Number of protein chains: 2
Amino acid sequence: MKHSHKRDAICEVLKAKRDHPTADMICERVREKYPEISLATVYRNLSQLCSDGAIIKIGAAGRERYDIDTSDHTHFFCEACGEVYDIFSPLELYGLANAECEIGGKINFAHITFRGQCKNCIRKENN
Amino acid sequence: MKHSHKRDAICEVLKAKRDHPTADMICERVREKYPEISLATVYRNLSQLCSDGAIIKIGAAGRERYDIDTSDHTHFFCEACGEVYDIFSPLELYGLANAECEIGGKINFAHITFRGQCKNCIRKENN
DNA sequence: TCAAAAACGATAATCATTATTGTTTTTGTT
DNA sequence: AACAAAAACAATAATGATTATCGTTTTTGA
């Protein structure tokens, strides 16, 4: 896996702030270092990094978000502030075995997203 | 919840074949009864039915699919044949409590999708 | 019966993403 | 270093799903 400078910069951005940015958030951030980078380049590299297995899309319908943490984990979208949090409890907790059993097939990939209100937003609400 | 004729027909289609069709699959099927229906009408009614809580989008990135079963349940996409199956085991099995605990927030909605190979496709492969 | 509201079809617009194209940069080899 | 081939790039056009607009038709309910 060789990386071009821009592709490296995209990875750096994803490492620096783990807030699961969208393609254009990534583009903005990379532009601090490479002001001329094109959104097309960002998309091209993101899909390349995905197929290399270096990053993942988290599967948000309508507007994708990217994550450099490719380990099995789960996401929580706060509907109040829009923040996306990671949940690192092991996936077995999420009933994979049960699902496989019910469906009688083989699960390769689990896409689990929770939506709700995060700690901070609940606290704010109670003021 | 009053329904127009076309809106009714959309619900009928969703009830008749629970294969989680996309908007244009629904449009095709409704056209058997109302050949003149426009795709825009299908989309307009689908989003209305969603906000009424009569149906749900299952959240497939890039190409949405709709489900008239609004009870808590989970989906399994077969990557081989493209079929979408339901998994009706109770959501508690999928670690909601654990996730809420880890995140310290309140979960309103769980979106759980598994991908893999279904029974039939595994069988076919082993021929 | 008739006016207001809702729904409609056709089509234009939007938005995220992907493809194309001609140019620039990088790489590996003499 | 020189240079040809490969990879990456910016700009922009194209795509595909979905949403918005608009003028017309249908439904509703007083």
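This is a predicted model, so every value here is computed, not measured. All chains are named by letter (A, B, ...) in the order of the sequence lines, taking the proteins before the strands, and each is independently numbered beginning at 1.
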S.K.: Go through dA10(D), dG9(C), dA8(D) for me and flag the one nearest to the Ser4(A) side chain.
M.R.: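 Between dA10(D), dG9(C), dA8(D), the one nearest the side chain of Ser4(A) would be dA8(D).
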S.K.: The criterion is side-chain hydrogen bond (donor to acceptor under 3.5 Å, both in side chains); which residues satisfy it with Ser51(A), sequence neighbours excluded?
M.R.: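 Testing Ser51(A) for side-chain hydrogen bond (donor to acceptor under 3.5 Å, both in side chains), a comparison that skips the adjacent residues, returns none.
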S.K.: Can you name the atoms? Protein N/O to nucleotides 18-22 of chain D N/O, anything below 3.5 Å, with the distance.
M.R.:
from	atom 1	to	atom 2	distance (Å)
dT18(D)	OP1	Glu64(B)	N	3.0
dT18(D)	OP2	Tyr43(B)	OH	2.2
dT18(D)	O5'	Tyr43(B)	OH	3.3

S.K.: For the helix from dT1(C)-dA30(D) to dT30(C)-dA1(D), what angle lies between the axis at the first five pairs and the axis at the last five pairs, to 10 degrees?
M.R.: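 Taking the rotation axis at each end, their angle is 30°.
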S.K.: Rounded to the nearest angstrom, tell me the gap between atom NE2 in His3(B) and atom P in dT28(D).
M.R.: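 For the pair His3(B) NE2 and dT28(D) P, the rounded distance is 13 Å.
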S.K.: Among all residues two or more places apart in sequence or in another chain, which pass the ring pair (Phe, Tyr, Trp, His ring centres under 6.0 Å) test with His5(A)?
M.R.: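 Residues passing ring pair (Phe, Tyr, Trp, His ring centres under 6.0 Å) with His5(A): none at all.
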S.K.: Measure CD/Glu36(A) against C1'/dT24(C) and give the value in whole Å, please.
M.R.: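 Those two atoms, CD and C1', are 12 Å apart.
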S.K.: Between C1' on dC9(D) and CD1 on Ile10(A), what's the gap in Å once rounded to a whole number?
M.R.: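 After rounding, the gap between these two atoms is 11 Å.
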S.K.: Tracing side-chain links under 4.5 Å among I, L, V, M, F, W and Y, which residues wind up in one group with Ile56(B)?
M.R.: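 So far as hydrophobic clustering goes, Ile56(B) is joined with none.
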S.K.: Return the minimal non-hydrogen interatomic distance between Ile107(B) and Ala99(B), and the atom names on each side.
M.R.: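 Answer, listing the atom of Ile107(B) first, then Ala99(B): CD1-CB, 3.8 Å.
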S.K.: Identify all side-chain donor-acceptor contacts of residues 115-124 of chain A below 3.5 Å with residues at least two apart in sequence or on another chain.
M.R.:
none

S.K.: To the nearest Å, give me how far apart CD1 (Ile37(A)) and C1' (dT24(C)) are.
M.R.: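 It works out to 15 Å between those atoms.
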S.K.: Can you run down the side-chain hydrogen bond (donor to acceptor under 3.5 Å, both in side chains) pairs that involve residues 53-68 of chain B, sequence neighbours left out, and say none if there aren't any?
M.R.: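 Sorted result for residues 53-68 of chain B: His20(B)-Asp67(B), Asp24(B)-Arg63(B), Asp67(B)-His73(B), Asp67(B)-His75(B).
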S.K.: Taking NZ from Lys33(A) and P from dC9(D), how many angstroms apart are they, rounded to a whole number?
M.R.: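 One finds 13 Å between P of dC9(D) and NZ of Lys33(A), rounded.
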S.K.: Can you tell me how far C1' of dT27(D) sits from NZ of Lys6(B), to the nearest Å?
M.R.: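 Lys6(B) atom NZ is separated from dT27(D) atom C1' by 12 Å.
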S.K.: Identify, with sequence neighbours excluded, every residue that meets side-chain hydrogen bond (donor to acceptor under 3.5 Å, both in side chains) alongside Glu36(A).
M.R.: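 Per chain and number, Glu36(A) pairs via side-chain hydrogen bond (donor to acceptor under 3.5 Å, both in side chains) with Lys6(A).
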S.K.: Within this structure, what is the CG-to-P distance between Leu46(A) and dC9(D), rounded to whole angstrom?
M.R.: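 One finds 11 Å between P of dC9(D) and CG of Leu46(A), rounded.
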S.K.: Could you state the OH-P distance from Tyr34(B) to dG9(C), rounded to the nearest angstrom?
M.R.: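 Taking atom P of dG9(C) as the reference, OH of Tyr34(B) is at 11 Å.
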S.K.: From the set dA10(D), dA7(C), dA8(D), return the single nucleotide nearest to any side-chain atom of Arg7(A).
M.R.: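 The nucleotide sitting nearest to the side chain is dA8(D).
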S.K.: Distance check: side-chain N/O of His5(A) vs OP1/OP2 of dC9(D), anything under 4.0 Å?
M.R.: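 So the side-chain polar atoms of His5(A) never come under 4.0 Å of the phosphate oxygens OP1 or OP2 of dC9(D).
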S.K.: Show every salt bridge (charged side-chain N to carboxylate O under 4.0 Å, His left out) that has at least one partner inside residues 9-19 of chain B, sequence neighbours left out.
M.R.: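 For residues 9-19 of chain B: Glu12(B)-Lys15(B), Lys17(B)-Asp19(B), Asp19(B)-Arg29(B).
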S.K.: Where the side chain of Gln48(A) is defined as all heavy atoms beyond and including C-beta, which of dC9(D), dC8(C), dA8(D) is the nearest nucleotide?
M.R.: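 Given the options dC9(D), dC8(C), dA8(D), the side chain of Gln48(A) is closest to dA8(D).
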S.K.: Measure up the Tyr85(A) and Phe76(A) rings against each other and bin them: parallel (under 30°), tilted (30 to 60°), perpendicular (over 60°).
M.R.: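 Aromatic pair Tyr85(A)/Phe76(A) classed tilted.
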